[in-house]
Amino acid sequence: MTREQLQAAARAAAEATGSELVLDARLAPLLSLRVGGAVPALVRPRDARAVSDVVRALQRGRVPHRVLGGGSNLLAADEGLDFVVVHVGAASGPAEWDGVRVRAAAGTSLGALLRESLARGAAGLEWAAGLPGTVGGAVAGNAGAFGSDMAASVREAVLLGPDGTLRTHVVAPGDFGYRRSFVRPGETVLEVVLELRASTPEAVRAEADRVNRQRAASQPKGGHSAGCMFKNPPEGPAGRILDELGLKGRRRGGASISTAHANFVVNDGTATASDVLGLIEEARREVRERRGIELELEVKVWTGGGSP
Ligand code: EPU
């Protein structure tokens, strides 16, 4: 599809659903790493219902599109992004609490949900203190840190399939693994149901503070990043391997391997996506050649066209 056709299709989907439309939208400001070019059109649905209506309209029209959550685990190329972006991170609405059970739209920020859980004395999300991103993205990638992850509290999810069908998924054993979940490629998370544990606001705050201190001591503070770039291979933590090979501080343009934690690439504000991708390839090559280990990316990379 041409740029004009993508824009016309996005306009029709936005108008039919009362969503906001941004033409020639730059992705970099929406991504925590702050790199990435422009897409022909970005649609911002208001709520989970509108998300599914927009995605379905694009599916029906076989319009290449991709869904953007909080943009905290994503690297978008500098150019050639020929698809419509549906920005779910803008569609939230209030979470519905029932004791320690909470139903939240996928676009709800993980930080906002943690703050609410803290006020209610519901434990289970403290590991996410200091993390950006949306709850939908966190479920899809089974985000985790400091000994816990999303898998510990997710009970259900409402998913939109690539064929436009809605399904409620009830979590079963085996649904989650290390940075892996039951959400399949092409599926969009619309809502999630979490079950936390009854505790007190003081205890939840103390644990979140502990996580914040640990994160501050081991991970970069300044610059823009997408968190860890690589999954940890069976041989050990990717950060340790990259550190042992002396890669901390390695630089390409405005991107460098963090001196605080070698599995983070940080953008000083001037990096391009090709700086970051080049640095990633260089690190991967060194690890392959010197250690015989194949590092797998943890961050998602958007290039070229989207799926219709
Ligand atoms: N290490 C080094 N040098 C480094 C970095 C780490 O020697 O530059 C060593 C540490 O000293 C430690 C070991 O490697 O002995 C593991 O490091 P760390 O505790 O920082 O954990 P990690 O395995 O590198 C994982 C997650 C992080 C999460 C932390 C904290 C992955 C890829 N990363 O990092 O998640 O915050 O544990 O629990 O699983 C993310 O997913 O984006 C992410 C940052």
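Numbering of ligands and ligand atoms starts at 1, following listing order. Worth knowing before you read on, the calculation uses all heavy atoms, side chains too, and leaves out hydrogens, waters and symmetry mates.
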Is it the case that the side chain of [X] and the backbone of [Y] share a donor-acceptor pair, with hydrogens and angles ignored and the cut-off at 3.5 Å?
X      : Y      : value
Asp243 : Gly246 : no
Asn142 : Met150 : yes
Asn232 : Ala238 : yes
Asp82  : Met1   : no
Ser256 : Gly249 : no
Arg184 : Gly161 : no

Numbered atoms and elements of ligand 1 in range of [X], under 4.0 angstrom, heavy atoms:
X      : result
Phe230 : 32 (C)
Gly227 : 42 (O)
Lys248 : 8 (O)
Ala145 : 28 (C), 36 (O), 38 (O)

Which atom of Val135 lies closest to which atom of Ala104, heavy atoms considered
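Heavy-atom minimum between the residues: CG1-CB, 4.5 Å.
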Determine the minimum heavy-atom distance between Trp127 and Ala145, stating which atoms define it.
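For Trp127 versus Ala145, the nearest heavy atoms are CB-O, 3.2 Å.
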What protein heavy atom sits nearest [atom], and how far off is it?
atom                    : value
atom 14 (O) of ligand 1 : Arg240 CB, 3.6 Å
atom 39 (O) of ligand 1 : Tyr178 OH, 2.7 Å
atom 38 (O) of ligand 1 : Phe146 N, 2.6 Å
atom 35 (O) of ligand 1 : Arg179 NH2, 3.2 Å
atom 21 (O) of ligand 1 : His261 NE2, 4.3 Å
atom 8 (O) of ligand 1  : Ala262 N, 2.8 Å
atom 42 (O) of ligand 1 : Cys228 N, 2.7 Å
atom 23 (O) of ligand 1 : Asn232 ND2, 2.7 Å

Donor-acceptor side-chain pairing of Asp24 and Gln7 below 3.5 angstrom:
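Asp24 vs Gln7: donor-acceptor pair found between side chains.
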Taking heavy atoms and a distance under 4.0 Å, where does [X] meet ligand 1: side chain, backbone, both or neither?
X      : answer
Phe264 : side chain
Glu244 : neither
Gln219 : side chain
Asn263 : side chain

State whether any protein heavy atom lies less than 4.0 Å from [atom].
atom                    : value
atom 11 (O) of ligand 1 : no
atom 19 (O) of ligand 1 : no
atom 33 (N) of ligand 1 : yes

Gln214: heavy atom below 4.0 Å from ligand 1, yes or no?
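So Gln214 does not count as touching ligand 1.
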Sub-4.0 Å heavy-atom contact, Trp127 with ligand 1
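Per 4.0 Å heavy-atom rule, Trp127 does not contact ligand 1.
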Heteroatom distance test (Asp243, ligand 1): nitrogen or oxygen, under 3.5 angstrom:
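Looking only at distances, the answer is yes, because the N/O contact criterion of under 3.5 Å is met.
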Do ligand 1 and Lys231 have nitrogen or oxygen atoms that lie under 3.5 Å from each other?
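For ligand 1, there is no N or O atom that lies under 3.5 Å from one belonging to Lys231.
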Passes side chain to side chain contact (heavy atoms under 4.5 Å, CB included), Leu297 versus Phe230? Steps please.
CA-CA 4 Å; Leu297 276 180; Phe230 300 106; 3.8 Å; yes
Check the angle between the aromatic planes of Phe176 and Phe182 and answer parallel, tilted or perpendicular using the 30° and 60° thresholds.
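Taking Phe182 first and then Phe176, their aromatic rings stand perpendicular (interplane angle over 60°).
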Using the side chain to side chain contact (heavy atoms under 4.5 Å, CB included) definition, which of the options Leu160, Leu166, Leu159, Val183 pairs with Thr188?
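Answer after filtering Leu160, Leu166, Leu159, Val183: Leu160.
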Here's a test for you: under side chain to side chain contact (heavy atoms under 4.5 Å, CB included), which of Leu242, Ile257, Val265 qualifies with Arg250?
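Per the side chain to side chain contact (heavy atoms under 4.5 Å, CB included) rule, the option paired with Arg250 is Ile257, out of Leu242, Ile257, Val265.
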The criterion is side-chain hydrogen bond (donor to acceptor under 3.5 Å, both in side chains); which residues satisfy it with Arg180, sequence neighbours excluded?
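So Arg180 forms no side-chain hydrogen bond (donor to acceptor under 3.5 Å, both in side chains) with any residue.
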